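Positions are given from 1, in the same order as the sequence printed here. Reckoned from all heavy atoms, side chains included, excluding hydrogens, waters and symmetry mates. For clarity, every value in this text was computed on a predicted model and none was experimentally measured.
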Amino acid sequence: MKILMVYPKCPDTFWSYKEALRFIRKKASTPPLGLATVAAMLPDHWKITLVDMNVKPLKDQMIRDADMVWISAMSIQKHSTMEVIRKCRDMKKTITAGGPLFSTGWEDFPEVDHIICGEGETSITAFVSGLEKGTAERLYPAGEWADMHVSPVPRWDLVNMKDYATMSIQYSRGCPYSCDFCDITKLFGRKIRTKTTAQIIDELELLYSSGWRGSVFF
């Protein structure tokens with residue numbers, strides 16, 4: 001199975017740091033941590049390519065070469081996401097989608113073949129099994145909150161670290177507060193769940209052994 005993972009383009013805003021990043025010769029602030037984490041949950045014999053459209057263009061040939069396209073996005077990336085979906089449909093490619101944009105509004109994307117809501121740790125195994133058996137469902141609703149202790153080390157080998165200003169580590173999920181501008185409680189609940197010390201050390205060790213010597217955003 002050849003999987004093309006796509007992280008759509010973020011619009012140019014203050015928070016994209018597009019102009020500031022030029023001063024340090026970087027293309028984006030952080031890599032797509034969600035896709036890199038999900039990639040680590042997939043079978044070892046699958047061939048995975050990850051394209052972050054914020055650092056390089058998504059070429060038509062990349063889509064043609066894939067058996068399936070997986071998209072993860074936030075609401076601010078909706079315009080770019082729709083363009084990616086249109087291209088994939090034109091090329092008759094099967095589309096799988098997840099992330100905040102789809103988890104909170106999956107009804108808006110009838111063109112997508114499979115939608116995984118909520119956290120990947122709770123659905124990816126069942127979805128992969130369904131794909132291999134030919135019984136994959138269209139919608140995998142968000143279930144119970146994931147056990148962070150089973151969350152894998154992200155596949156940093158799929159990204160070019162030199163393109164980014166900093167690497168990322170997700171230590172916790174969930175928040176007890178009710179800020180009206182934030183969707184964290186809807187996506188991850190109000191109870192704070194954390195990774196173990198050993199998990200964080202493993203992630204730091206992998207970043208270091210991969211050659212990273214810059215900052216790490218927690």
Please walk me through it: do R190 and S178 pass side-chain hydrogen bond (donor to acceptor under 3.5 Å, both in side chains)? CA-CA 9 Å; R190 297 186 179 277; S178 302; 3.0 Å; yes
For a side-chain contact (heavy atoms from CB on, under 4.5 Å) check, start with the C-alpha distance between R173 and S151, then their side-chain angles and the critical distance, and finish with the verdict. CA-CA 11 Å; R173 294 179 194 164; S151 188; 3.7 Å; yes
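Taking the side chain as every heavy atom from C-beta outward, Y208 and R213 approach each other to under 4.5 Å. Proximity of L207 to I169: side-chain heavy atoms (C-beta onward) are separated by under 4.5 Å at one or more points. A 4.5 Å side-chain heavy-atom check between K56 and V51 finds at least one atom pair inside the cut-off. Counting only heavy atoms from C-beta outward, the side chains of Q199 and H149 approach each other to under 4.5 Å. In this structure, the side chains of I63 and L58 come closer than 4.5 Å at one or more pairs of heavy atoms. At a threshold of 4.5 Å between non-hydrogen side-chain atoms, the residues C117 and Y140 do not count as touching. Taking the side chain as every heavy atom from C-beta outward, K2 and W46 never approach each other to under 4.5 Å. With a 4.5 Å cut-off on side-chain heavy atoms, F102 and T81 count as touching.
Under a hydrophobic clustering in which Ile, Leu, Val, Met, Phe, Trp and Tyr are joined whenever their side-chain heavy atoms come within less than 4.5 Å, directly or via other members, I201 and M167 fall into different clusters. Cluster annotation: V153 is connected to V216 through the hydrophobic network of ILVMFWY side chains, with a link wherever side-chain heavy atoms come within less than 4.5 Å. Under the 4.5 Å side-chain contact rule for hydrophobic residues, M91 and M53 share a cluster. Residue L50 is grouped with residue I3 when hydrophobic side chains (ILVMFWY) are merged at heavy-atom distances under 4.5 angstrom, including chains of intermediate members. Under the 4.5 Å side-chain heavy-atom criterion for ILVMFWY residues, no single connected hydrophobic cluster contains both V84 and M5.
Under a cutoff of 6.0 Å and an axis angle of 45°, R193 and F188 do not form a cation-pi pair.
Shown here for P32 and Y7, the closest heavy-atom pair between the two residues is CB-CG, 3.6 Å. Nearest approach of S168 to P31, heavy atoms of both residues: OG-CD, 4.4 Å. When all heavy atoms of T166 and F217 are compared, the closest pair comes out as OG1-N, 3.5 Å. Across all non-hydrogen atoms, the minimal contact from Y171 to M148 is O-CE, 3.8 Å. Counting all heavy atoms, side chain and backbone alike, I184 lies closest to C182 at CG1-SG, 3.2 Å. Of all heavy-atom pairs spanning L204 and F218, the tightest one is CD2-CZ, 4.3 Å.
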For residues 36-45, which side-chain N or O atoms pair as donor and acceptor with protein atoms under 3.5 Å away, sequence neighbours left out?
{"unit_1": "T37", "atom_1": "OG1", "unit_2": "L33", "atom_2": "O", "d": "2.8"}

Show me the donor-acceptor pairs, under 3.5 Å and distance only, between side chains in residues 68-79 and residues at least two apart or in other chains.
{"unit_1": "Q77", "atom_1": "OE1", "unit_2": "M74", "atom_2": "N", "d": "2.7"}
{"unit_1": "Q77", "atom_1": "NE2", "unit_2": "P8", "atom_2": "O", "d": "2.7"}
{"unit_1": "H79", "atom_1": "NE2", "unit_2": "E83", "atom_2": "OE2", "d": "3.2"}

Determine all donor-acceptor pairs shorter than 3.5 Å in which one atom belongs to a side chain in residues 16-25; sequence neighbours excluded.
{"unit_1": "S16", "atom_1": "OG", "unit_2": "T13", "atom_2": "N", "d": "3.2"}
{"unit_1": "S16", "atom_1": "OG", "unit_2": "T13", "atom_2": "O", "d": "2.7"}
{"unit_1": "K18", "atom_1": "NZ", "unit_2": "D12", "atom_2": "OD2", "d": "3.2"}
{"unit_1": "E19", "atom_1": "OE1", "unit_2": "R22", "atom_2": "NH1", "d": "3.1"}

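Aromatic pair H114/F127: ring centres closer than 6.0 Å.
Evaluation of the side-chain contact (heavy atoms from CB on, under 4.5 Å) rule for D163 yields K27, V55, N160 as partners, not counting sequence neighbours.
When atom types are taken as modelled, the side chain of T104 and the backbone of P100 share a donor-acceptor pair closer than 3.5 angstrom. Within the 3.5 Å criterion, the main-chain N or O of G120 finds no donor-acceptor partner in the side chain of S123.
Within the structure, every pair that satisfies the salt bridge (charged side-chain N to carboxylate O under 4.0 Å, His left out) test and touches residues 200-211, not counting sequence neighbours, is listed here: K195-E203. For residues 87-112, the salt bridge (charged side-chain N to carboxylate O under 4.0 Å, His left out) pairs, not counting sequence neighbours, are D60-K87, R86-D90, R89-D113.
The OG1 atom of T96 lies 10.5 Å from the CZ atom of R138; values are rounded to the nearest 0.5 Å. Here the CD atom belonging to E144 is positioned 9.0 Å from the OG1 atom belonging to T122, to the nearest 0.5 angstrom. For the atom pair W212 CH2 and M161 CE, the distance stands at 7.5 Å (nearest 0.5 Å).
Exactly one residue among R64, M62, K47 makes a side chain to side chain contact (heavy atoms under 4.5 Å, CB included) with L4. That residue is M62.
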